[in-house]
Structure formats: structure tokens, C-alpha cells
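Contents: one structure, followed by commentary.
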Amino acid sequence: MLRRTLLAAAASDRLRRAVTTTPRTRAIVDRYVAGETTADAVRTARELRARGLLVTLDHLGEDTTDSGQAAAVADEYERLLGALSAAGLTAGGGCEVSVKATAVGLFLPENGEKTARENIARICRAARNAGTTVTLDAEEHTAVGPTLGIARELRAEFGDLGCVVQSRLRRSAGDCAELAQAGARVRLCKGAYDEPAGVGYARPSEVDRCYARCMRVLMAGRGYPMLATHDPRLIDIATALALLSGRPSSSFEYQMLYGIRPAEQLRLADTGAQVRVYVPYGGDWYGYLVRRLAERPGNLAFFLRSLLPQR
Ligand SMILES: Cc1cc2nc3c(=O)[nH]c(=O)nc-3n(C[C@H](O)[C@H](O)[C@H](O)COP(=O)(O)OP(=O)(O)OC[C@H]3O[C@@H](n4cnc5c(N)ncnc54)[C@H](O)[C@@H]3O)c2cc1C
């Protein structure tokens with residue numbers, strides 16, 4: 001119930017204005033978001049790489065409403081990839097980028113899919129020039145089919161283009177089977193969006209069971225699994241599956257979000273595993289932050305207190 005209310009808050013313009021204009025929310029924003037500029041993103045990536053962690057950078061932004069805005073998002077990714085490459089951070093995929101299809105035009109009323117596909121291809125070219133890769137984030141269920149379709153098409157030219165499967169969605173076991181067979185790079189996460197009953201699983205236990213099923217398929221397949229979760233039980237299952245299937249640590253990776261379980265990120269990396277941190281940056285952090293709070297309501301009291309007038 002609380003999760004549902006918080007996810008509705010992510011869409012509220014009034015609340016967005018209240019939160020984003022309150023300076024005291026800064027501390028909690030800084031914990032989860034690397035900063036607002038390209039330079040902030042590069043600095044954070046450098047710090048994480050120095051600690052032996054891999055990085056994927058996400059330029060925050062949702063609700064792209066015209067093709068100019070979509071092109072500007074692709075421009076920012078080109079700038080970012082150029083800056084990461086100049087800083088020597090992209091070699092061997094050490095720092096890659098995560099892109100939302102809706103941010104580069106997917107939901108535009110005219111030629112949305114075409115616009116998104118062209119912008120994503122442009123970002124893939126910039127990533128290839130920088131020696132690294134792109135992963136397409138998963139969004140609400142209406143975006144999932146078209147995003148996976150774009151990834152399927154573009155993998156013909158950019159074989160290392162990654163995509164994301166959410167275990168909250170009932171379709172996901174089938175998607176995993178297809179992607180494992182295709183040898184794709186696949187990030188598996190639980191899914192951050194509230195989905196209708198016919199489309200998604202309602203109970204956390206069902207989402208977790210689906211995660212374990214999908215993980216088995218991906219780890220047994222020909223592709224490169226990217227296991228994105230902070231859940232200690234699922235991380236243990238992943239480690240056991242890697243041992244059982246004889247998968248070397250270079251053939252898959254764990255992924256976690258910036259600011260969440262940082263000690264566990266380092267512990268896993270110390271065991272010789274590859275660990276990638278998903279680092280969001282940019283001015284449009286509100287929707288991202290609310291989704292993180294919905295997952296950890298314990299942080300909510302701290303956040304709400306920061307909105308109250310100080311005595
Ligand atoms: C790298 C990465 C990329 C992602 N990309 C996408 C995407 O493209 N699309 C999408 O919809 N979602 C994405 N997500 C978000 C994801 O779908 C989940 O919403 C989010 O990861 C929370 O799920 P969880 O697996 O951590 O499990 P949860 O069910 O939230 O938590 C399970 C357990 O993990 C531990 N835990 C969780 N959070 C914390 C914390 N803050 N501190 C300490 N312990 C904690 C606790 O033990 C908890 O019981 C991504 C997540 C990651 C890590």
C-alpha cells in the first residue's frame with residue numbers, strides 16, 4: 001500500500017515542485033544521485049573505478065515530449081561518453097551507459113519508435129568509439145515490448161547492446177529464454193514500477209521466485225548475465241549457480257545502485273567477482289529518488305523530516 005502511494009507520488013507535479021525546491025532534501029539526494037553535471041558523473045565514475053568497481057551511468061530524465069528534447073538527451077550521452085573516454089574510464093567496458101528508450105523519444109506521439117531507435121543507434125556508435133557498451137533500461141510494461149524490439153533490431157549492428165528484464169513481469173521468463181538463446185547481455189532486476197495484476201506479480205515472494213527462475217535460465221544460457229539486486233538471498237543463489245554451472249567470474253556480473261549497500265559492493269568485488277554500480281546523475285532526479293524511497297520506506301521518515309520547516 002505504502003509502495004503504491006509512493007509510486008503515485010513519483011507522478012505528482014505538486015509534490016515534485018515542493019521536493020525539488022527544498023534545499024534540505026539535498027543530503028538524501030546526494031546519497032543516491034552522483035550530481036547534476038557531466039563533470040559530476042565523471043568524477044564519481046573515477047572514484048568507483050579506483051575502488052575496483054565497474055560503472056554504468058544513467059542521465060536522469062523522463063517524460064520526453066518532443067523530438068528536440070529526445071535529441072538533446074542523445075547529445076548528452078555522446079558528451080558523457082567522450083568525457084569518460086578522455087578520462088581513460090571506458091576501456092574494456094569499465095564505464096558504460098544506461099539509457100531509457102522513453103528519454104530518447106519512445107513515447108512521442110509521432111514516430112516515437114523510429115526516433116528512439118535512431119537516437120539509441122547514435123549512442124551505441126559513440127559507445128563503440130569509446131570502447132564501451134550501452135544497456136537499455138526497462139521501464140513500465142507498455143515500454144517493455146517496444147524497447148526489447150529495438151534492442152533485438154540494433155543487436156544486428158551492435159551485438160553488445162544490453163537490455164533489461166524485470167522479474168515483476170509475468171512475461172519475463174519467456175524473454176529470458178529468448179535472450180539467453182540469442183547470447184545477449186541481459187540485466188535482470190525485480191522491476192521498480194507498479195504494474196496491473198494481469199501483467200505483473202503482486203506478491204514480493206512471486207517476484208523473487210521469478211527472479212530465481214530467470215537467473216537460472218540466464219546463467220545456463222549463452223549470454224552475459226548482469227544480476228542487478230541488493231537481495232542477499234538472490235546474491236547467494238547467483239553465486240551458487242555460477243559455481244554449479246562452472247561460469248568464470250568474467251562471464252557475468254553483479255550490479256547494484258549507487259548509494260545502496262556500498263560495503264556489500266566492495267565485499268563482492270574483493271571475492272574476485274565483477275560488480276557494476278548503476279550511477280544516476282542529472283537535474284531531473286525526483287522520479288528516481290521516489291522509486292528508491294518506495295523500496296525502502298525506512299528512509300521515508302528521514303526524507304519527510306527534511307521537508308518540514310526547521311525550528
Ligand atoms: C543496477 C540496477 C539497475 C536497475 N535497473 C532497473 C531498470 O532498468 N528498470 C527497473 O524497473 N528497475 C531497475 N532497477 C531497480 C530494481 O528493479 C529494484 O526496484 C531495486 O533493485 C530493488 O530491488 P532489490 O533487488 O534490491 O530487492 P528488494 O526487494 O528491494 O530488497 C531485497 C533485500 O535487499 C536488501 N536491500 C534492499 N535495499 C537495501 C538498502 N537500501 N539497504 C540495505 N539493504 C537493502 C534487503 O535485505 C532487502 O530485504 C535496477 C536495480 C539495480 C540494482
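For the single chain, residues carry numbers from 1 onward in sequence order. Just so you know, ligand 1 is whichever comes first in the structure, and atom 1 is the first atom listed for that ligand.
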*Can you find an N/O atom of Ala138 closer than 3.5 Å to an N/O atom of ligand 1?*
yes

*For ligand 1, which atoms sit closer than 4.0 Å to a heavy atom of Tyr278?*
1 (C), 3 (C)

*Does ligand 1 have a heavy atom under 4.0 Å from the side chain of Val164, from its backbone, from both, or from neither?*
side chain

*Which of the atoms in ligand 1, numbered in the order shown and given with their element, are less than 4.0 Å from a heavy-atom of Asp137?*
8 (O)

*From atom 28 (P) of ligand 1, work out which of Met256, Arg187, Lys100, Lys190 has a heavy atom at the shortest distance.*
Lys190

*Looking only at non-hydrogen atoms, which of Arg168, Met226, Gln255 approaches atom 1 (C) of ligand 1 most closely?*
Gln255

*Using a distance-only test with no angle check, is there a side-chain donor-acceptor pair under 3.5 angstrom linking Tyr281 and Asp58?*
no

*asked:* Whether the Ser98 and Thr56 side chains hold a donor-acceptor pair (N or O, under 3.5 Å, no angle test) is what I'd like checked.
replied: yes

*Between Gln166 and ligand 1, which residue portion shows a heavy-atom distance shorter than 4.0 Å: side chain, backbone, both, or neither?*
side chain

*Any N or O of Gly191 that comes nearer than 3.5 Å to an N or O of ligand 1?*
yes

_Tell me which one of Arg155, Arg171, Arg152, Arg222 satisfies salt bridge (Lys or Arg N to Asp or Glu O under 4.0 Å) with Glu178._
Arg152

*Do Thr229 and ligand 1 have an N or O pair less than 3.5 Å apart?*
yes

*State whether a side-chain donor-acceptor pair under 3.5 Å links Tyr254 with Thr239.*
yes

*How long is the gap from CG on Leu161 to CD on Glu157, to the nearest 0.5 Å?*
10.5 Å

*Report yes if Ile260 has an N/O atom closer than 3.5 Å to an N/O atom of ligand 1; otherwise report no.*
no

*With a 4.0 Å cut-off on heavy atoms, does Arg292 reach ligand 1?*
yes

*Below 4.0 angstrom from a heavy atom of Ala192, which ligand 1 atoms are there? Numbered from 1 as shown, please.*
10 (C), 11 (O), 12 (N), 17 (O), 19 (O)

*Heavy-atom closest contact (Leu234 atom, Asp208 atom, distance)*: CD2-O, 4.1 Å

_Distance under 4.0 Å to a non-hydrogen atom of Tyr193: what atoms of ligand 1 satisfy this?_
11 (O)

*Below 4.5 Å, heavy atoms only, C-beta onward: do Glu253 and Leu54 meet side chain to side chain?*
yes

*So, is His230 polar-close to ligand 1, with some N/O to N/O distance under 3.5 Å?*
yes

*Give, for atom OG1 of Thr65 and atom CG of Leu108, the distance between the pair rounded to the nearest 0.5 Å.*
7.5 Å

*Rounded distance [0.5 Å steps], OH in Tyr224 versus CZ in Arg247*: 9.5 Å

*So between Ser98, Ala228, Cys189, Pro204, whose heavy atom ends up nearest atom 13 (C) of ligand 1?*
Cys189

*So, do Glu264 and Ile235 sit near enough that their side-chain heavy atoms are less than 4.5 Å apart?*
yes

